[in-house]
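Here the structure is laid out as structure tokens; the discussion comes afterwards.
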Amino acid sequence: MSPKPKPIPDGKAGATPYLAISGAAAALDFYQKAFGATIVMRLDMPDGKVGHAEIMIGEGRVFLSEEYPEYDVRSPKTIGGSPVTINLYVPDVDAFVARAAAAGARVTRPVEDQFYGDRGGKLEDPFGHVWWIASHVEDVSTEEMQKRASAMFAG
């Protein structure tokens, strides 16, 4: 008798983004080149499309597949954009964003120091997914963060 499987598989605790992508195979290549992703698993369908893949970006796992409108799985390109932003901390945000842009990402907000202690910027990958890339550069207390935010957004 085999042991009962774990209800939460190793390495899959917590929330995991699942990206629907038009051109998932090309996306896997992009994430490897631009984000330094490692492919953990890839399942191809008989028609050659990526049915399911898992990648690691740093210590974070991301699932992705080709879009399948017949199963209500649509990519941002199909629905006109994404309301979701994926946050990713990296050791050197400037170098990371430059590499991603060189690989085909579109920088939608340049990298700059943020009032809350991060240095970050926003990009859209070639498949329509939005990423906030940051490096933490300063520890800021909640009180100081509130003070800075109030001054910044006061008008």
Any donor-acceptor pair under 3.5 Å linking the side chain of S135 with the backbone of V93? yes

Taking salt bridge (charged side-chain N to carboxylate O under 4.0 Å, His left out) as the test, write out the residues that go with D10, two or more places apart. K6

Tell me every residue that passes side-chain contact (heavy atoms from CB on, under 4.5 Å) with A105, counting only those two or more places apart in sequence or in another chain. F30, A100, L123

Going through the distances and angles, do I86 and V130 end up as a side chain to side chain contact (heavy atoms under 4.5 Å, CB included)? CA-CA 6 Å; I86 303 165; V130 179; over 6 Å; no

Which atoms form the tightest heavy-atom contact between V50 and A53, and what is the distance? CG1-CB, 3.9 Å

Which atom pair, heavy atoms only, marks the closest approach of G128 to P76? O-CB, 3.5 Å

Does anything in residues 13-26 pair up under side-chain hydrogen bond (donor to acceptor under 3.5 Å, both in side chains), and if so which pairs, sequence neighbours excluded? Y18-H52

Are the side chain of E66 and the backbone of G23 linked by a donor-acceptor contact shorter than 3.5 Å? yes

Residue pairs fulfilling salt bridge (Lys or Arg N to Asp or Glu O under 4.0 Å) with at least one residue in residues 20-30, sequence neighbours excluded: none

Side-chain cluster (under 4.5 Å, hydrophobic types only) that I8 belongs to, other residues: none

Heavy-atom pair of closest approach, residues G51 and S65: O-CB, 3.2 Å

Sorted by first residue and then second, give each salt bridge (Lys or Arg N to Asp or Glu O under 4.0 Å) pair with at least one member in residues 72-98; sequence neighbours left out. D72-R74, D94-R119

Quick check: does any side chain N or O of E59 sit under 3.5 Å from a backbone N or O of I57, one acting as donor and the other as acceptor? no

The criterion is side-chain contact (heavy atoms from CB on, under 4.5 Å); which residues satisfy it with V140, sequence neighbours excluded? E138, E144, M145, R148

Partners passing side-chain contact (heavy atoms from CB on, under 4.5 Å) against A26 (at least two apart in sequence or in another chain): F127

Go through it in stages, so that I can follow the logic: the residues are M56 and I39, the test is side chain to side chain contact (heavy atoms under 4.5 Å, CB included), and I'd like the CA-CA distance, side-chain angles, deciding distance and then a yes or no. CA-CA 7 Å; M56 295 295 292; I39 297 174; over 6 Å; no

With sequence neighbours excluded, give me every salt bridge (Lys or Arg N to Asp or Glu O under 4.0 Å) pair touching residues 43-58. K12-E54, R42-D44, E54-R61

So do the side chains of T38 and Q32 get within less than 4.5 Å of each other, counting heavy atoms only? no

Which residues pass the ring pair (Phe, Tyr, Trp, His ring centres under 6.0 Å) test with W132, not counting sequence neighbours? none

For Y116, what residues pass the ring pair (Phe, Tyr, Trp, His ring centres under 6.0 Å) criterion, not counting sequence neighbours? none

Could you state the interatomic distance from CG (L19) to OG (S82), rounded to the nearest 0.5 Å? 8.5 Å

T78 and E67: side chain to side chain donor-acceptor pair (under 3.5 Å), yes or no, with the steps? CA-CA 9 Å; T78 297; E67 68 176 344; 2.6 Å; yes

Tell me, with the steps shown, if Q146 and S150 meet side chain to side chain donor-acceptor pair (under 3.5 Å). CA-CA 6 Å; Q146 182 63 63; S150 295; 3.1 Å; yes

Check V107 against V97 and note the closest heavy-atom contact, atom names and distance. CG2-CG1, 3.8 Å

If we only count heavy atoms from C-beta on, is the W131 to T85 side-chain gap below 4.5 Å? no

Determine, stepwise, if the pair L64 / Y31 fulfils side chain to side chain contact (heavy atoms under 4.5 Å, CB included). CA-CA 11 Å; L64 64 90; Y31 293 134; 4.0 Å; yes

Tell me the ring-ring contact (aromatic ring centres under 6.0 Å, His included) pairs involving residues 64-110, sequence neighbours left out? F35-F96

Could you measure the distance from the CD1 atom of I133 to the NZ atom of K122? Nearest 0.5 Å is fine. 11.5 Å

